[in-house]
Amino acid sequence: MVTNATIETLLNRRSIRKFKDEAIDADTVATLETVAQRAASSQFLNDWSAIRVSDPAVKAKLAEFGHQPYIATAPLLYVFVIDEHRNARIAESKGIDPAGDDFKLKTSYRFTQAQNDAVLALHAMETAAYSLGLGCVILGSILNDINGLIDLLNLPEYTYPVLGLAIGKPDQEPTLKPRMPRTMQFFENTYPADSENDLSEALPAFDAEVHQYYDLRQADRPVDAFSDQIATVSGQDVSGKTLLDKAAAQGFTLDK
Ligand SMILES: Cc1cc2nc3c(=O)[nH]c(=O)nc-3n(C[C@H](O)[C@H](O)[C@H](O)COP(=O)(O)O)c2cc1C
């Protein structure tokens with residue numbers, strides 16, 4: 001492989017869930033936020049925002065939503081949100097009624113477009129943080145209570161939470177979590193037929209490799225083999241996490 005400092009940063013990326021109790025200085029915060037803004041934005045809609053959570057009480061509440069105490073200890077903590085609220089205000093200033101059918105920024109295509117933009121911005125921030133010697137963990141767990149999160153952050157109409165990002169100086173050194181062989185994830189031109197994509201060759205070795213990895217959250221035993229993890233997650237009840245109803249309450253029309 002070819003290498004440089006950026007590649008090294010990306011190849012050494014692993015989630016950090018224990019942070020030193022040290023604040024992140026203002027220049028670093030400004031740098032990380034400016035880098036996030038530099039990410040690509042589909043049709044230049046700039047349809048995301050991020051809430052910087054500094055209030056310990058709000059951090060504690062996020063940790064409660066996520067059932068993950070380390071969220072409360074993150075020196076720097078963001079919640080990235082889909083934001084068509086700002087664009088609705090701008091459109092309104094141009095005579096368009098966001099409540100009417102002519103305002104399409106609340107439809108499903110725009111929702112996913114904004115979600116993509118938000119994730120790209122978050123990832124740019126994450127990479128910049130690692131390049132400065134900081135560590136991060138992306139937080140989907142705060143979405144356990146979408147309604148609670150929307151209330152807590154006062155998220156207005158046409159906004160929707162995407163992910164959290166906790167950032168701080170690492171106070172742990174987890175080993176790199178294995179990834180599947182590249183050939184299992186990268187295909188040429190078309191998706192291969194199952195008959196030409198024999199998982200039974202590569203999967204057992206990957207399963208064994210994953211089963212040797214220790215997650216520091218449960219350091220007393222190795223994690224389950226990848227196949228076992230997929231089987232477990234495939235049966236998990238996520239019926240409380242439906243999107244259409246909660247997005248509708250925020251003004252989105254995801255059936256359109
Ligand atoms: C969208 C997304 C949501 C995630 N949510 C959480 C989370 O809520 N809590 C957590 O500890 N890790 C979370 N993670 C981190 C993953 O568990 C982690 O990336 C994965 O296990 C691979 O480990 P690594 O990042 O150390 O390589 C999330 C990652 C992604 C991409």
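Atoms within each ligand, like the ligands themselves, are counted from 1 in listed order.
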### Query
If Ile, Leu, Val, Met, Phe, Trp and Tyr residues are connected whenever their side-chain heavy atoms lie under 4.5 Å apart, and connections chain through other members, are I167 and L120 in the same group?
no
### Query
If you count the non-hydrogen atoms of other residues, nucleotides and ligands that lie under 6.0 Å from CD in E22, is the total more than 12?
yes
### Query
Measuring from N147:CG to L152:CG, what's the distance to the nearest 0.5 Å?
12.5 Å
### Task
May I ask you to decide if G135's main-chain N or O and R14's side chain share a donor-acceptor pair within less than 3.5 Å?
no
### Task
Check whether the side chains of N87 and E84 place a donor and an acceptor atom closer than 3.5 Å, and report yes or no.
yes
### Task
Determine whether the side chains of Q115 and Y160 contain a donor N or O and an acceptor N or O closer than 3.5 Å.
no
### Protein residues that have a heavy atom under 4.0 Å from any atom of ligand 1, sorted by chain and number
R13, R14, S15, R17, Q68, Y70, V137, I138, L139, G140, S141, L163, K177, R179, R217
